[in-house]
Amino acid sequence: MELRYSEEVRRAKEQGVPLVALETSVVAQGLPYPDNLGAARACEEAVRRAGAVPAPIAVVDGQVFIGLEESQMRRLAEGRERLFKLASRDLPVAIAQGATGGTTVSATCELAAAAGIRVFSTGGIGGVHRGVAEHMDISQDLWALARFPVAVVCAGAKSVLDLPKTLEALETAAVPVIGVGTRELPSFYSRSSGLPLEHQVDDAAAAARILQARFDTLGQGGVLFTVPPPEETSLPRAEVELHIAQAMAEADRQGIRGKAVTPFLLSEMARRTSGKTLRANIALLTNNARFAGQLAVAYAQGSRG
Ligand code: PSU
Ligand code: MN
C-alpha cells in the first residue's frame with residue numbers, strides 16, 4: 001500500500017527520530033469541535049516534548065496519511081463533510097471509494113504497523129460491550145491488538161464497556177496488559193476499576209524492555225499499557241456508573257446500535273456531567289501521549305544500544 005507522510009513525519013523518519021501514532025476517530029467522532037482540535041494539538045505537543053514526533057493517522061480522500069498537515073487535522077475536527085469512523089474492516093472500502101475519516105484504535109494499529117511505527121497513544125480502547133450475550137458487540141480493537149506489533153497506551157478500556165469481560169478477551173487473545181505505576185486496571189474517567197492487573201511497570205524504560213521482548217525476541221503482536229488518568233480531572237467510579245446507566249438507557253430508547261454506540265455514549269456522558277467527562281477525556285489523552293512519547297524514545301534507545 002502506498003502510504004503518504006506529513007512533512008514532519010517524513011523528516012523524523014529520515015533522521016531516525018522515534019514516532020508515536022495517534023488515532024483520529026477521537027477527533028472525528030469522539031470529541032466535539034473545537035475541543036477535538038485542541039486535544040489533538042495538546043497530544044502532538046506532549047509527544048514532541050518527550051522527544052518523539054507525533055504521527056496522527058487518517059484516511060483523507062482515499063489516501064492513507066501517516067502524520068497530518070494542520071489543514072487536514074482541521075478538516076477532521078470541523079466535520080463540515082461526511083467523516084467516516086474507520087475501523088480495520090472499513091479501510092479497504094474507504095481507500096477504494098476515496099472516503100475521508102478518522103481511524104479507530106484497530107485501524108490505527110493496522111496502519112501504524114504498516115508504517116513501521118511501534119508505539120501508539122489513544123484515550124481508551126474499545127472492548128466487550130455490556131449486554132454482549134444479546135448483541136455480540138465486541139470491538140475490533142481487541143482483534144487488532146492481538147494481531148499488530150504495536151504498543152497501545154491508554155487509560156484502560158472505556159468505562160461504558162464490560163471491563164471484566166474485556167480483560168478476559170484480552171487474555172484469550174494473548175495480549176499482555178501492563179499497568180503503568182499501578183496494579184489495577186484504570187477505567188478511563190476513573191483511576192480505579194476494582195480489577196487487578198497481573199503486571200506493572202513504573203517507567204518508560206521498563207515498558208520498553210517488554211516491547212523488545214514481545215516484538216524483537218518473540219515477533220508477536222500488540223501490548224496494552226494502561227495509565228491511570230490524571231488525578232485532578234478524574235471522576236469517582238460511583239458517579240461515572242450512575243451516568244453510564246442513564247446514558248445506556250437513552251441509547252436503547254433511541255435505538256442506537258453498532259458503531260454509533262461509542263460516540264453516542266461519550267457525548268451523552270459529557271452532557272450529563274456538564275463537561276466533566278470531556279475535561280477528563282482531554283486530560284487523559286494528553287497524559288497518555290506524554291507516556292507514549294517517553295516509551296517511543298526508550299524503545300528506540302534500547303534497540304540502538
Ligand atoms: N477513546 C476515546 N474516544 C474515542 C474512542 C476511544 O477517548 O472516540 C474511539 C476509539 O477510536 C476506539 C473506538 O477505537 O472509539 C471504539 O469504537 P467501537 O466501540 O465501535 O469499536
Ligand atoms: Mn462495536
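Atoms within each ligand, like the ligands themselves, are counted from 1 in listed order.
- For ligand 1, the atoms closer than 4.0 angstrom to any heavy atom of K158 are 1 (N), 5 (C), 6 (C), 9 (C), 12 (C), 13 (C), 15 (O), 16 (C).
- One option in G124, S25, S88 has a heavy atom closer to atom 6 (C) of ligand 1 than any other, and that option is G124.
- Residue contacts with ligand 1: V105 is placed with a nitrogen or oxygen under 3.5 Å of a nitrogen or oxygen of the ligand (distance criterion only).
- Proximity annotation for atom 14 (O) of ligand 1: of D141, D137, T24, D141 comes nearest, heavy atoms only.
- Nearest protein heavy-atom neighbour of atom 8 (O) of ligand 1: G30 CA, 3.3 Å.
- If you look at K85 next to ligand 1, the close heavy atoms, those under 4.0 Å, all belong to the side chain.
- The protein non-hydrogen atom at the shortest distance from atom 2 (C) of ligand 1 is F188 CZ, 3.9 Å.
- Considering backbone and side-chain N/O of T103, none are found under 3.5 Å from N/O of ligand 1.
- In this structure, a donor-acceptor pair under 3.5 Å is present between the side chains of T122 and E23.
- P229 approaches S234 most closely through the heavy-atom pair CG-CB, 4.1 Å.
- Taking CG of L185 as the reference point, atom OG1 of T166 lies at 8.5 Å (rounded to 0.5 Å).
- Using a 4.0 Å cut-off between heavy atoms, L266 contacts ligand 1 through its side chain alone, with no backbone atom that close.
- Proximity of N281 to ligand 1, defined as any heavy-atom pair under 4.0 Å, is confined to the side chain (atoms from C-beta onward).
- Polar contact with ligand 1: absent for Q29 (N/O pair, distance under 3.5 Å).
- K165 contributes atom NZ, which lies 12.0 Å from atom CG of L167 (distance to the nearest 0.5 angstrom).
- The environment of E198 atom CD is sparse: at most 12 non-hydrogen atoms of other residues, nucleotides or ligands sit within 6.0 angstrom.
- A salt bridge links K276 to E239: one of the charged nitrogens lies within less than 4.0 Å of a carboxylate oxygen.
- Which parts of ligand 1 touch T104 is read off a 4.0 Å heavy-atom cut-off, strictly below it: atoms 11 (O), 14 (O).
- Under a 4.0 Å criterion applied to the non-hydrogen atoms of E23, ligand 1 contributes the atoms 5 (C), 6 (C), 10 (C), 11 (O).
- A donor and an acceptor atom, one from each side chain of T103 and S25, are nowhere located under 3.5 Å apart.
- When heavy-atom distances to ligand 1 are checked against a 4.0 Å cut-off, V26 comes that close through both its backbone and its side chain.
- The Mn ion (ligand 2) sits nearest to atom OD1 when only the N, O or S atoms of D137 are considered.
- Side chain of E184 to backbone of S193: a donor-acceptor contact under 3.5 angstrom is found.
- Residue S139 has at least one nitrogen or oxygen atom sitting less than 3.5 Å from a nitrogen or oxygen atom of ligand 1, judged on distance alone.
- Looking at E268 and R271, a side-chain N of the basic residue comes within less than 4.0 Å of a carboxylate O on the acidic one, giving a salt bridge.
- Minimum heavy-atom separation, D90 to K85: OD2-O, 3.4 Å.
- The CD atom of E7 lies 7.0 Å from the CD atom of E69; values are rounded to the nearest 0.5 Å.
- From the protein, the heavy atom lying nearest to atom 19 (O) of ligand 1 is T262 OG1, 2.8 Å.
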